[in-house]
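Small disclaimer: the values here were computed from a predicted structure and weren't measured. In what follows, every heavy atom counts, from backbone to side chain, and hydrogens, waters and symmetry copies are set aside.
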Amino acid sequence: MANEDKLGKIRHSMAHVMAEAVVQKFPGTKVAIGPAIDNGFYYDFDLPVTLTLEDLDDISTRMKEIINGKHEFKRKVVSRDEAEKIFSDLGENYKLELLKAIPEGEEVSLYSQNTFTDLCRGPHVENTAQLNPDSFKLLSIAGAYWRGKETNPMLTRIYGTAWENPKQLRLHLKHLEEMEKRDHRKLGKELDLYSTHEEAGPGLVYWHPYGSRIRLAIEDYWRKEHYKNGYELLYTPHLGKAWLWQTSGHLGFYNESMYSPMEVDENDYYIKPMNCPFHIMIYKTDIRSYRDLPLRWAELGTVYRYEKSGALHGLLRVRGFTQDDAHIICTPGQVEDEILEVLRFSLNIWKAFGFSDIKAYLSTRPEKSVGDQDMWDKAIVSLQKAIEIEGLDFEVDEGGGAFYGPKIDLKIKDALGREWQMTTVQFDFNLPERFDMTFVDHDGREKRPYMVHRALLGSIERFFGVLIEHYGGAFPVWLSPVQVAVIPVAPAFNEYAEKIGALLKENDIRADIDLSDNRMNAKIRNFQKKKVPYMLILGEKEASTDSVSLRLRTGKQTNAIPVSEFIEQTLGKIKNKELI
RNA sequence: GCCAGAGUAGCUCAGGGGUAGAGCAACGCUCUCGUAAAGCGUAGGUCGUGGGUUCAACUCCCACCUCUGGCUCCA
């Protein structure tokens, strides 16, 4: 898109202007790379000082001056030797390294504006006059490894956002504010949904009563759908002896994500980072016929993985989580249908939770991998076919598969347009081999089944985090921890409130009855802050006519609804998974 | 794990080398109330943990833990 190109040029040019400002302000700074990114730009610096947030203001001010100076962006093609001389004179060793990485035969170009020259392929705007000094903002300072490698030195990265005009900038800043408001960590506290505890172990989630109510609603629905779609549900242990993990290969290739073993009766036991080996143990308790296949076995399996401390993030990145895992074991001939079925099933579930903007990513064979080429090719074809039949947008991630098989990942877009990787459907050519899984085919011969791993929601914890942000805490009725708040207008009507509350509970509606000595207005405010979808206000009028006065969290109110009608209506909304 | 910033009452936050402050919440009393906060009062903190400097540290210094923004990694 032409517009995107234009913004890209603006952002990339902003990065250069920022680099100039930083180099001017902090002589001795070496510059690394500074690309345009979604919504803005960044630039990585090797600075002689550490930056503070106040420095960003100074840098912005200097940037505005540079922009207002109406400097031309000049492009110059130079020979490698010339470029090398320029950057070694400047002492820009990062640029020299980048220069060396440019393939032979490719043009080496420099871009200069005002006092700053950068090794850059461009393109840029023609003149800083085309940048608006009031449509960018420097946002944050962060550390970043040179070229993204952990062993390389840590550089200082400054992130900024830049737009064509101040209005667009304002809109974007508002969007950022909205994201902050919906942050699941903030809402998790405000709505009393979950907590984590440093003294009890970081990255481990404690589900509070209201969070648990939501989780139960999710899991109940999940189980029902799985039974409906031909799955059996399993429960398996949390620990397994080293033998299991040796056989599966996890001790070899997954060791650094696993918790240290504990010794029991002179054996090493490991807490599970994955559920698959356990499902395979169940598979191997019997001789399986082709008539038994496909087997679809699902489990809400809680796993523990060691994550680097800096990687932990609210519910989205934790050390203990429950996967909505399943393994499909089938004949090679069945696999195509099974994949299609998984995809279809998955899309239905996403729809029920209110997500319909979904994109698929197909990952193919990486260099280091197991299994013969023919199997890989066929598997990839069946994955792609399924994506196409379901009419999903997709991208191919060449070589992005696991070493044991190709996969489809689904990324879902939330209400704010952010993509989250949740569903994963992965072929496994490794475990059936390692565990010597077999089935007896038509011809009486033992053959190797295909195995497909899949997680729909991914993990309950992460899904919950995304769900909170998607709805901004205002969950659809069927998921709301409190579906109905019952509020008497005065203590004299407590009895009627209790009667109505009991009736709701009898009908499996989650109701909280507020008999505190708060005034009615305060009660409404409290429930409003908890984003309870329905509030029933009960006083003389209602008690005498066996009715309720309904207030929605939107503020809308309807008076004198007969009790039975309200219950029926609410049950209908729950069943149809309506927002409110 | 790495770079930077932060950690003060249940929550949100102020303060600052001389014995710790507000609002909300909690608790008690009064009020008996019609669609987003009634009034008054009481209680609540080894100022993240450990060490150091100092007559004196919540404040300054060091180490560690955790959180936040990133990098790396990923459900």
**Q** What's the closest nucleotide to the A:Arg305 side chain, out of B:C73, B:A75, B:G70?
**A** B:A75
**Q** For A:Met274 and B:C74, what is the distance between atoms CE and P respectively, to the nearest whole Å?
**A** 11 Å
**Q** Do A:Glu307 side-chain and B:G1 base share a donor-acceptor contact under 3.5 Å?
**A** no
**Q** Considering every strand shown, what is the Watson-Crick or G-U wobble mate of B:C60 when both distances are under 3.5 Å?
**A** B:G52
**Q** Would one find a side-chain N or O of A:Tyr42 under 4.0 angstrom from OP1 or OP2 of B:G69?
**A** no
**Q** Need one value for A:Glu256: base, sugar-phosphate or nothing, where a base atom within 4.0 Å counts as base even if backbone is also close, heavy atoms only.
**A** nothing
**Q** A:Asn559 near the nucleic acid: base, sugar-phosphate alone, or nothing, with a heavy-atom cut-off under 4.0 Å?
**A** base
**Q** Would you say A:Arg185 places a side-chain N or O within less than 4.0 Å of OP1 or OP2 belonging to B:G69?
**A** yes
**Q** Just to confirm, is there a sub-4.0 Å distance from OP1 or OP2 of B:G1 to any side-chain nitrogen or oxygen of A:Ser309?
**A** yes
**Q** More 5' along RNA chain B: A:Glu198 or A:Arg462, using each one's nearest nucleotide?
**A** A:Glu198
**Q** Strictly below 4.0 Å: does A:His313 bring a side-chain N or O up to OP1 or OP2 of B:G69?
**A** yes
**Q** So does A:Lys272 pair up with A:Glu299, basic N to acidic O under 4.0 Å?
**A** yes
**Q** Under 4.0 Å between any heavy atoms, over every strand shown, what does A:Gly148 touch: base, sugar-phosphate, or nothing? Just pick one.
**A** sugar-phosphate
**Q** Could you say whether A:Arg157 or A:Tyr145 is positioned toward the 5' end of RNA chain B, judged by the nucleotide with the nearest heavy atom to each?
**A** A:Tyr145
**Q** Taking the P atom of each, how far is B:A6 from B:A37, in whole Å?
**A** 37 Å
**Q** Students often get this wrong, so: under 4.0 angstrom with heavy atoms, is A:Ala492 touching a base, only sugar-phosphate, or nothing?
**A** nothing
**Q** Between A:Phe464 and A:Trp207, how do the two ring planes meet: parallel, tilted or perpendicular, split at 30° and 60°?
**A** parallel
**Q** Name the nucleic acid region contacted by A:Gly143, choosing base, sugar-phosphate or nothing; use a 4.0 angstrom heavy-atom cut-off, strictly under.
**A** base
**Q** A:Arg317 has a side chain; which of B:A75, B:U72, B:C2 sits nearest to it?
**A** B:A75
**Q** Between B:G70, B:U72, B:C33, which nucleotide has the shortest distance from any of its atoms to the side chain of A:Pro491?
**A** B:C33
**Q** If only atom types and distance count, is the side chain of A:Arg182 paired as donor or acceptor with the main-chain N or O of A:His470 below 3.5 Å?
**A** yes
**Q** Take atom CZ of A:Phe527 and atom P of B:A37, then tell me their distance rounded to the nearest Å.
**A** 15 Å
**Q** Using the six-membered ring wherever Trp is involved, compare the ring planes of A:Tyr194 and A:His184 and label them parallel, tilted or perpendicular (cut-offs 30° and 60°).
**A** parallel
**Q** Taking only Lys NZ, Arg NE, NH1 and NH2, and the carboxylate oxygens of Asp or Glu, determine whether A:Asp514 and A:Lys530 approach each other closer than 4.0 Å.
**A** no
**Q** For the side chain of A:Leu312, counting heavy atoms from C-beta on, which of B:C67, B:C33, B:G34 is nearest?
**A** B:C67
**Q** Are A:Phe321 and B:A75 stacked, counting the six-membered base ring, centres under 5.5 Å, planes under 30°?
**A** yes
**Q** A:Arg519 has a side chain; which of B:C3, B:C33, B:C71 sits nearest to it?
**A** B:C33
**Q** Under a 3.5 Å cut-off for both contacts, is B:G5 paired Watson-Crick or G-U wobble with anything, and if yes, with which nucleotide?
**A** B:C67
**Q** What contact category does A:Met535 fall into here, base, sugar-phosphate, or nothing, at under 4.0 angstrom with non-hydrogen atoms?
**A** nothing
**Q** Between B:G21 and B:C58, how many Å separate the two C1' atoms, rounded to a whole number?
**A** 13 Å
**Q** In whole angstroms, how far is the C1' atom of B:A37 from the CD1 atom of A:Ile524?
**A** 11 Å
**Q** Determine, for A:Glu469 against A:Arg185, whether the closest basic-nitrogen to carboxylate-oxygen distance falls under 4.0 angstrom.
**A** no
**Q** Rounding to the closest angstrom, what is the interatomic distance between B:U59 and B:U53 at atom C1'?
**A** 13 Å
**Q** Counting only Watson-Crick pairs (N1-N3 plus N6-O4 or O6-N4) and G-U wobbles (N1-O2, O6-N3), all under 3.5 Å, who is the partner of B:C27?
**A** B:G41
**Q** When you measure from the side-chain N and O atoms of A:Tyr306 to the phosphate of B:C73, is any distance below 4.0 Å, counting only OP1 and OP2?
**A** no
**Q** Can you tell me the distance, in whole Å, between the CZ atom of A:Arg525 and the P atom of B:U35?
**A** 16 Å
**Q** Does the distance from a Lys or Arg side-chain N to an Asp or Glu carboxylate O, for A:Glu150 and A:Lys308, drop under 4.0 Å?
**A** yes
**Q** For atom C1', what is the distance between B:C11 and B:G44, given to the nearest Å?
**A** 13 Å
**Q** Say we look at B:U68 and B:G48: how far apart would their C1' atoms be, to the nearest angstrom?
**A** 15 Å
**Q** May I ask you to say what A:Val318 touches in the nucleic acid, namely base, sugar-phosphate or nothing, with a heavy-atom cut-off under 4.0 Å?
**A** base
**Q** Strictly below 4.0 Å, N to O, side chains only: are A:Asp546 and A:Lys499 in salt-bridge contact?
**A** yes
**Q** Say we look at B:A75 and B:C61: how far apart would their P atoms be, to the nearest angstrom?
**A** 42 Å
**Q** Between B:U12 and B:U54, how far apart are the C1' atoms? Round to whole Å, please.
**A** 34 Å
**Q** Rounding to an integer number of Å, can you tell me how far A:Leu467 CG sits from B:A75 P?
**A** 20 Å
**Q** Who does B:G21 pair with, Watson-Crick or G-U, both distances under 3.5 Å?
**A** B:C13
**Q** Touch check for A:Ala142, heavy atoms < 4.0 angstrom, all strands: base, sugar-phosphate only, or nothing?
**A** base
**Q** To the nearest angstrom, how far is A:Glu190 atom CD from B:A36 atom P?
**A** 20 Å
**Q** Given B:A36, is OP1 or OP2 found less than 4.0 Å from the side-chain N or O atoms of A:Arg551?
**A** yes
**Q** Would you indicate what A:Ala455 reaches in the nucleic acid, counting non-hydrogen atoms under 4.0 angstrom: base, sugar-phosphate, or nothing?
**A** nothing
**Q** So, is A:Lys189 near the phosphate of B:G10, with a side-chain N or O under 4.0 Å from OP1 or OP2?
**A** no
**Q** Under the criterion ring pair (Phe, Tyr, Trp, His ring centres under 6.0 Å), which of A:Phe278, A:Phe253, A:Tyr254 is the partner of A:Trp245?
**A** A:Phe278
**Q** To the nearest Å, give me how far apart NZ (A:Lys529) and P (B:A37) are.
**A** 11 Å
**Q** Which part of the nucleic acid, if any, lies within reach of A:Leu538 when heavy atoms closer than 4.0 Å are counted: base, sugar-phosphate only, or nothing?
**A** nothing
**Q** Over how many whole Å does the gap from A:Ile487 atom CD1 to B:U35 atom C1' extend?
**A** 8 Å
**Q** Please measure how far the C1' atom in B:A9 lies from the corresponding atom in B:A25, and state the result in whole Å.
**A** 11 Å
